[in-house]
Amino acid sequence: MATSLSNVFLKGIAARSLSRPLNGLFYCTRYSNTVSNDSDTHDDFKPGNKLEGSGICLSNVIEQDVKDNPVMVYMKGVPDFPQCGFSSLAVRVLKHYDVPISARNILEDPELKNAVKAFSNWPTFPQIFIKGEFIGGSDIILNMHQTGELKEKLKDITSKQ
């Protein structure tokens with residue numbers, strides 16, 4: 001009996017996902033973005049892409065964002081409620097210059113997140129664009145602020161009203 005219980009226990013450990021070690025120090029959660037074909041699920045509750053079927057390409061949306069907004073930030077959260085320390089740091093540094101900040105929350109749309117990564121060829125967030133030029137993330141913005149380079153870059157952008 002004890003042997004069979006230990007075998008069941010060991011089989012359970014072996015079957016456990018490698019992304020979740022027993023020590024509990026590292027967790028990697030996988031989310032599915034596939035839509036269930038369950039007939040009991042109402043269409044109002046199924047996830048969907050707001051741009052799907054609209055003829056709008058995400059790379060065109062990003063390109064337009066960067067072109068139309070002197071300071072464009074793709075971040076986790078929004079400027080008034082950042083949901084990541086790095087996004088918060090970037091917004092605090094930019095707010096110091098009293099310039100209008102346009103932003104998109106990449107947490108709302110995984111496809112947007114991937115499209116922004118492809119557009120800038122940069123893997124992390126936040127991603128900051130100033131006057132159509134990709135600058136980088138919060139560490140780069142902070143460094144530019146400390147050296148005075150950011151002040152020079154933002155000098156001709158009119159302040160918020």
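Keep in mind that what you see is a predicted model, and the values were worked out from it rather than measured. Positions are given from 1 along the sequence.
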Enquirer: Could you list the residues that satisfy salt bridge (Lys or Arg N to Asp or Glu O under 4.0 Å) with Asp80, not counting sequence neighbours?
Expert: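 Here the qualifying residues are Lys95.
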Enquirer: How close do Asn105 and Gly77 get, heavy atom to heavy atom, and via which atoms?
Expert: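 Of all heavy-atom pairs spanning Asn105 and Gly77, the closest is OD1-N, 3.0 Å.
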Enquirer: When clusters are formed by joining ILVMFWY residues with side-chain heavy atoms under 4.5 Å apart, either directly or through shared neighbours, do Phe86 and Val93 land in the same one?
Expert: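 No; Val93 is not reachable from Phe86 via cluster members.
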Enquirer: Where is the tightest heavy-atom contact between Val91 and Pro79, given as atom of each residue plus distance?
Expert: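 Val91 and Pro79 have their closest heavy atoms at CG1-O, 3.6 Å.
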Enquirer: Out of curiosity, does Met72 fall in the hydrophobic cluster containing Ile140 (side-chain heavy atoms, cut-off under 4.5 Å, transitive links)?
Expert: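 Yes, one cluster joins them.
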Enquirer: Can you list the residues that meet the side chain to side chain donor-acceptor pair (under 3.5 Å) rule with Gln64, with sequence neighbours excluded?
Expert: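 Scan of Gln64 (side chain to side chain donor-acceptor pair (under 3.5 Å), adjacent residues dropped) gives Asp68.
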Enquirer: With a cut-off of 3.5 Å and sequence neighbours excluded, list every side-chain donor-acceptor pair involving residues 115-137.
Expert:
| unit_1 | atom_1 | unit_2 | atom_2 | d |
| --- | --- | --- | --- | --- |
| Ser120 | OG | Val116 | O | 3.1 |
| Ser120 | OG | Trp122 | N | 3.3 |
| Ser120 | OG | Gln127 | OE1 | 2.6 |
| Ser120 | OG | Gln127 | NE2 | 3.4 |
| Trp122 | NE1 | Thr124 | OG1 | 3.1 |
| Gln127 | NE2 | Trp122 | O | 2.9 |
| Gln127 | NE2 | Thr124 | O | 3.1 |
| Lys131 | NZ | Lys153 | O | 2.9 |
| Lys131 | NZ | Asp156 | OD1 | 2.8 |
| Glu133 | OE1 | Lys153 | NZ | 2.5 |

Enquirer: Indicate, with yes or no, if Leu107 and Val61 share a hydrophobic cluster defined by side-chain heavy-atom contacts under 4.5 Å among Ile, Leu, Val, Met, Phe, Trp and Tyr.
Expert: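 Shared cluster, no.
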Enquirer: Under the side chain to side chain donor-acceptor pair (under 3.5 Å) rule, collect the residues that match up with Asp65, sequence neighbours excluded.
Expert: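 For Asp65 the side chain to side chain donor-acceptor pair (under 3.5 Å) partners, ignoring immediate neighbours, are Tyr74, Arg104.
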Enquirer: Should the heavy atoms of other residues, nucleotides or ligands under 6.0 Å from CD of Glu149 be counted, would the total exceed 12?
Expert: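 Atom CD in Glu149 is not packed in, count stays at 12 or less.
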Enquirer: Nearest 0.5 Å please: distance from the CG atom of Leu154 over to the NE2 atom of His96.
Expert: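 Reported value, rounded in 0.5 Å steps: 10.5 Å.
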Enquirer: How many angstroms lie between CG in Leu150 and CG in Leu94, if you round to the nearest 0.5 Å?
Expert: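 Going from the CG atom of Leu150 to the CG atom of Leu94 covers 6.0 Å.
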Enquirer: With sequence neighbours left out, what residues match Pro82 under side-chain contact (heavy atoms from CB on, under 4.5 Å)?
Expert: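 Pro82 satisfies side-chain contact (heavy atoms from CB on, under 4.5 Å) with Met75, Ser87, Ser88 only.
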Enquirer: If you link ILVMFWY side chains whenever their heavy atoms are less than 4.5 Å apart, which other residues fall into the same cluster as Phe81? By chain and number, please.
Expert: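 The other cluster members (ILVMFWY side chains, heavy atoms under 4.5 Å, direct or chained) are Val78.
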Enquirer: Return each pair, listed once, that meets side-chain hydrogen bond (donor to acceptor under 3.5 Å, both in side chains) where at least one residue sits in residues 138-148; pairs must be two or more places apart or across chains.
Expert: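 Counting only pairs at least two positions apart or across chains, the side-chain hydrogen bond (donor to acceptor under 3.5 Å, both in side chains) contacts touching residues 138-148 are Tyr97-His145.
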